[in-house]
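First comes the structure, then the notes that go with it.
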Amino acid sequence: MTAFQSSEARISGDNELVRALNDAIEDASEIVLGKKHAIRLALASMAARGHLLIEDVPGVGKTLLAQALARLLGLEFQRVQFTSDLLPADILGASVYERETGAFRFHPGPIFSQLVLADEVNRATPKTQSALLEAMEEYQVTQDGETRPLPAPFFVIATQNPVRQVGTFPLPESQLDRFLMRIDIGYPDANAERALLKGRDRREHLNDLAPCLTPEDLIRAQVLASKVHVSDALVAYVQAIVSYTRNAPHYELGLSPRAGIALVRASQAWAFMAGRAHVVPEDVQAVLSGVVSHRLSPVVDSPPAGDNVAEQIVQEVDVP
Amino acid sequence: MTSAELETRGWHLSFERMVWLSLSLLLVLVPHAPRMPAWISVLFLVLAGWRLYAVKTGKPLPHRYIMGAVVLATLAGVYLSYGTLTGRDAGVAMLAVLAGMKIAESRVLRDAYVVVFLGFFLVVTNFLYSESIPTGLYMLVVVAVLIGSLVAISTEPSALVPQRQLRLAAVILLQAVPVMLVAFLLFPRISGPLWGLPKDAFSARSGLSNTMTPGDISGLSLSDEVAFRVRFDGEIPDNRELYWRGPVLWKTDGRTWTAGESFRRSKPIDFARRGSPVDYVITIEPHQRRWLFALELPATIPRMATMSAEFELRSVKRVRNRMRYRVRSYTDYQIPWISRGELTEGLELAAGTHPRARELALKWRRELAHPRAIVEHALEYFRDQPFVYTLTPPLLTRDNVDEFLFETRQGFCENFASAFTVLMRAAGVPARVVTGYQGGELNELGNFLTVRQRDAHAWSEVWLGEVEGWVRVDPTGAVAPARIESGMEAAIPRTLGPGALNLQPSEPVRRAWRSLRHSLEALNNAWNEWVLGYGPERQRRLLNQFGIDATDFTRLAVWLIFCVLALLAGTSLLLSRRPRTRDPAIRAYRKFQNKLARAGLERAQGEGPLDFAKRVIRTRPDLALQVSRITDMYVSIRYAREGGDARILNRAVAAFGIQ
């Protein structure tokens with residue numbers, strides 16, 4: 001194995017940075033037990049300057065994951081609980097008249113922080129949802145004719161209950177596309193669950209965590225990740241995947257060009273975190289389920305959904 | 001249609017297209033050029049050049065009347081040059097000029113296609129002259145260029161890139177190879193030429209025939225092909241004694257000599273022999289006929305052969321493969337016997353031929369009593385008159401003997417032998433023509449002679465009465481003694497070739513040269529046997545092994561169509577299923593995968609190379625080093641910025657083995 005590991009551990013640019021990112025993953029998996037892959041995907045999403053959608057039932061540690069990441073990366077953190085009566089201003093902020101100065105002053109909303117956890121995003125009305133999603137896309141907020149930039153790095157983790165629960169406004173496909181990845185955390189396995197039940201409160205543990213990176217480190221990681229080499233052969237693979245989803249009969253719509261770009265960016269981040277200076281097909285396969293599962297809607301009577309979608313694509317598309 | 005209209009319709013023959021067309025036709029005709037009068041080559045170049053000039057400058061094409069005049073002039077010119085408008089040589093000359101005219105009058109794309117197909121036809125005419133491997137290879141190149149022309153006239157003129165077109169043409173040719181092979185093997189073979197090849201087409205191919213027409217033997221004399229090799233037990237006789245007896249010809253129609261009726265006994269008579277015998281073994285090259293050659297005069301008959309009364313050796317079967325036979329000859333001999341039939345036939349001349357020769361001979365007969373004196377006198381005549389021995393005698397179109405004896409006086413051995421025999425018969429001396437070979441090249445390394453087609457020769461035998469019997473007279477020797485004493489090489493110096501270079505090569509060089517020559521001869525042999533010699537008999541035997549009845553042409557045609565269709569279907573299936581790759585790294589990696597697959601480690605579909613390597617190493621930790629090294633190289637070539645050397649990868653894969 002030794003020779004092989006050396007190949008995988010070929011450090012691209014910044015040894016320290018990659019190690020710190022991996023430390024962060026290790027530490028976070030101490031908090032959210034047994035979910036290393038989900039954590040890695042979340043971090044890859046951050047390194048790729050993309051937002052993350054976590055879809056899962058309540059109580060599996062969605063919020064905990066977001067908090068752990070914020071702490072480990074030293075990010076300023078805000079949590080917004082979405083409800084059906086939440087208004088756009090509750091997220092973005094509002095101008096309030098101040099009697100002392102006799103002028104309107106802008107009170108920034110919770111979105112003005114580096115990491116925003118939008119909890120149960122599908123419980124809010126479409127109007128509120130789109131306010132959030134616009135901000136996510138443009139990295140700025142325009143209110144009362146004034147444009148205010150959001151802090152950098154800016155990162156949204158939205159959580160979503162499974163769509164069929166009562167009282168939800170499912171995000172339309174066009175909005176889902178704004179999220180680089182959608183992951184599900186899932187129940188912990190037996191070992192992790194035993195450790196969870198025996199151990200002390202995870203939230204207490206959270207307070208013991210020391211940041212592994214600074215926000216500046218994260219920005220640097222984003223820059224370096226975007227420079228990871230994408231060869232022609234890899235582009236060919238991504239193209240093969242995209243055209244497979246467009247031609248296969250299992251999906252109502254194939255992957256959009258934006259999805260293809262997202263796939264490449266996510267793969268780059270994944271490769272960067274693996275310490276590689278170039279993307280290999282395995283990177284694409286690793287992030288595939290996160291990138292495509294919310295972008296492909298299976299035809300009603302064909303079963304593959306979620307992870308199965310990615311698995312099926314991996315099995316069907318030849319690695320060139 | 002104006003040229004602007006043509007241009008808009010895409011039919012315009014641009015300069016580039018015209019260059020392609022002219023060049024490809026030029027390439028087809030180049031081998032013909034030395035065989036044709038110079039004016040034909042010049043006319044072709046002028047016509048093609050005119051067309052190119054016209055397209056370059058925008059000048060109009062030659063007027064119809066001019067072209068008509070050229071046609072008439074060409075007909076006249078060909079007739080003047082060849083004395084005929086038909087036959088192989090004249091026909092090819094006509095075709096060459098007409099091809100040039102077609103280029104000159106090409107206006108639209110359709111004309112261009114006609115020119116290309118004319119080119120394909122002209123390719124075939126080259127095989128009327130030579131069916132050797134170099135000719136075949138050259139014609140393959142020419143066909144590629146012709147296909148390149150087809151590509152050129154089907155491509156937008158702006159997109160023309162010669163290399164790309166030639167590459168495409170080569171690819172098309174390669175793709176046609178399987179179909180070509182199938183057609184070659186299965187196309188019904190007919191014994192005898194399919195479309196009545198002109199008679200002269202065969203003169204250079206199979207060596208001596210049992211007829212002799214002016215031009216037959218001089219045609220052979222250009223050929224370096226080996227006729228046979230002789231290994232002597234003892235000393236090699238003097239070059240003057242080396243007459244290799246072949247077909248004996250009796251009958252003449254005034255132009256062509258033939259063997260005549262076979263009224264003679266099949267058993268030879270005994271002849272008086274003197275001196276010591278010469279024993280030797282001959283290895284004869286296949287020549288598709290029955291003649292075997294022996295030194296004058298053979299006293300024994302090899303196995304599987306017979307001997308005629310004129311001491312011709314004949315194989316029981318046609319000589320289709322190399323054959324070895326042993327003969328004993330006496331070079332000092334007398335044949336003191338003539339049959340009554342021979343006596344009459346030996347004096348026969350075709351009615352109404354050679355009046356001037358007969359007149360001369362009658363004069364001799366009146367003046368000289370004894371046949372011996374007549375012979376001497378005739379030889380004297382050849383020596384005294386300005387006769388010239390030449391490989392390229394002027395063409396004799398009327399009475400070939402009279403014309404030769406009294407006008408041109410330039411000839412090759414066949415002219416001399418033929419004229420001499422006619423003179424003798426006219427003078428009342430029974431005479432016959434003997435064909436065969438004379439001389440041979442001594443191989444310094446062994447005690448053997450190589451006799452080539454260019455040593456082909458013809459001479460006479462005259463009956464000088466009971467005492468002397470049949471006596472060999474070689475009129476060529478009277479004119480060109482060097483031909484008989486030192487061989488062809490000395491009589492007509494060759495400009496090139498190993499014989500011309502008066503070098504004494506060292507032993508290793510000679511050995512290398514010899515082995516090269518041997519392998520070339522073996523290659524030629526295989527070509528002759530399998531390509532040129534693939535006739536009905538061979539086809540029948542080959543196809544019988546596959547249970548195909550080659551004598552039934554309908555069934556053969558069905559097989560042919562079936563095989564071609566199967567090939568096409570298979571090819572398209574192959575092309576659609578397996579995406580072709582030129583990337584050497586991928587090819588090397590596939591080899592690697594195949595090696596692992598044979599050991600039961602198959603790469604799953606969609607499995608990345610790194611995952612695959614991990615899985616392999618998990619099952620076979622002993623391979624870890626090699627597998628990870630190869631995978632590492634492959635991944636870095638394919639996916640990394642800095643790449644890598646596919647050759648190193650290929651070597652690593654080649655060295656990779658699984659126990």
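Computed from a predicted structure; not experimentally measured. Here is how names work: the chains are called A, B, and so on, in the same order as the sequence lines, proteins then strands, and each is numbered from 1.
Using a 4.5 Å cut-off between heavy atoms, B:Arg603 contacts chain A through its side chain alone, with no backbone atom that close. Contacts of A:Val279 with chain B are made by backbone atoms alone, with heavy-atom separations under 4.5 Å and no side-chain atom involved.
In terms of heavy atoms, A:Ala277 sits closest to B:Arg641 at O-NH2, 4.3 Å. Shown here for A:Val319 and B:Pro609, the closest heavy-atom pair between the two residues is CG1-CD, 4.1 Å.
Applying the 6.0 Å contact sphere to CG of A:Asn247 captures more than 12 heavy atoms from other residues, nucleotides or ligands. Atom CZ of B:Arg110 has 12 or fewer heavy atoms from other residues, nucleotides or ligands within 6.0 Å. B:Arg647 CZ: 12 or fewer foreign heavy atoms inside a 6.0 Å radius.
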**Report entry** Residues B:Val635, A:Arg276; criterion side-chain contact (heavy atoms from CB on, under 4.5 Å); working and verdict
**Finding:** CA-CA 11 Å; B:Val635 167; A:Arg276 251 192 304 276; 5.7 Å; no
Using atom types as modelled, flag every donor-acceptor pair under 3.5 Å from a side chain in residues 144-153 of chain B to any protein atom, sequence neighbours excluded.
unit_1, atom_1, unit_2, atom_2, d
B:Ser149, OG, B:Trp20, O, 3.4
B:Ser149, OG, B:Ser24, OG, 3.1
B:Ser149, OG, B:Val145, O, 3.2

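Heavy-atom proximity under 4.5 angstrom to chain B picks out A:Val280, A:Pro281, A:Glu282, A:Gln285 from residues 280-288 of chain A.
In terms of heavy-atom pairs under 4.5 Å with chain B, the best-connected choice from A:Asp232, A:Ile313, A:Val314 is A:Val314.
Residue pairs meeting the salt bridge (Lys or Arg N to Asp or Glu O under 4.0 Å) criterion with at least one partner in residues 28-43 of chain A, sequence neighbours excluded, are A:Glu26-A:Lys36.
A distance of 6.0 Å separates CD in A:Glu316 from CD in B:Gln605, rounded to the nearest 0.5 Å.
With sequence neighbours left out, the ring-ring contact (aromatic ring centres under 6.0 Å, His included) criterion links B:Phe184 to B:Tyr534.
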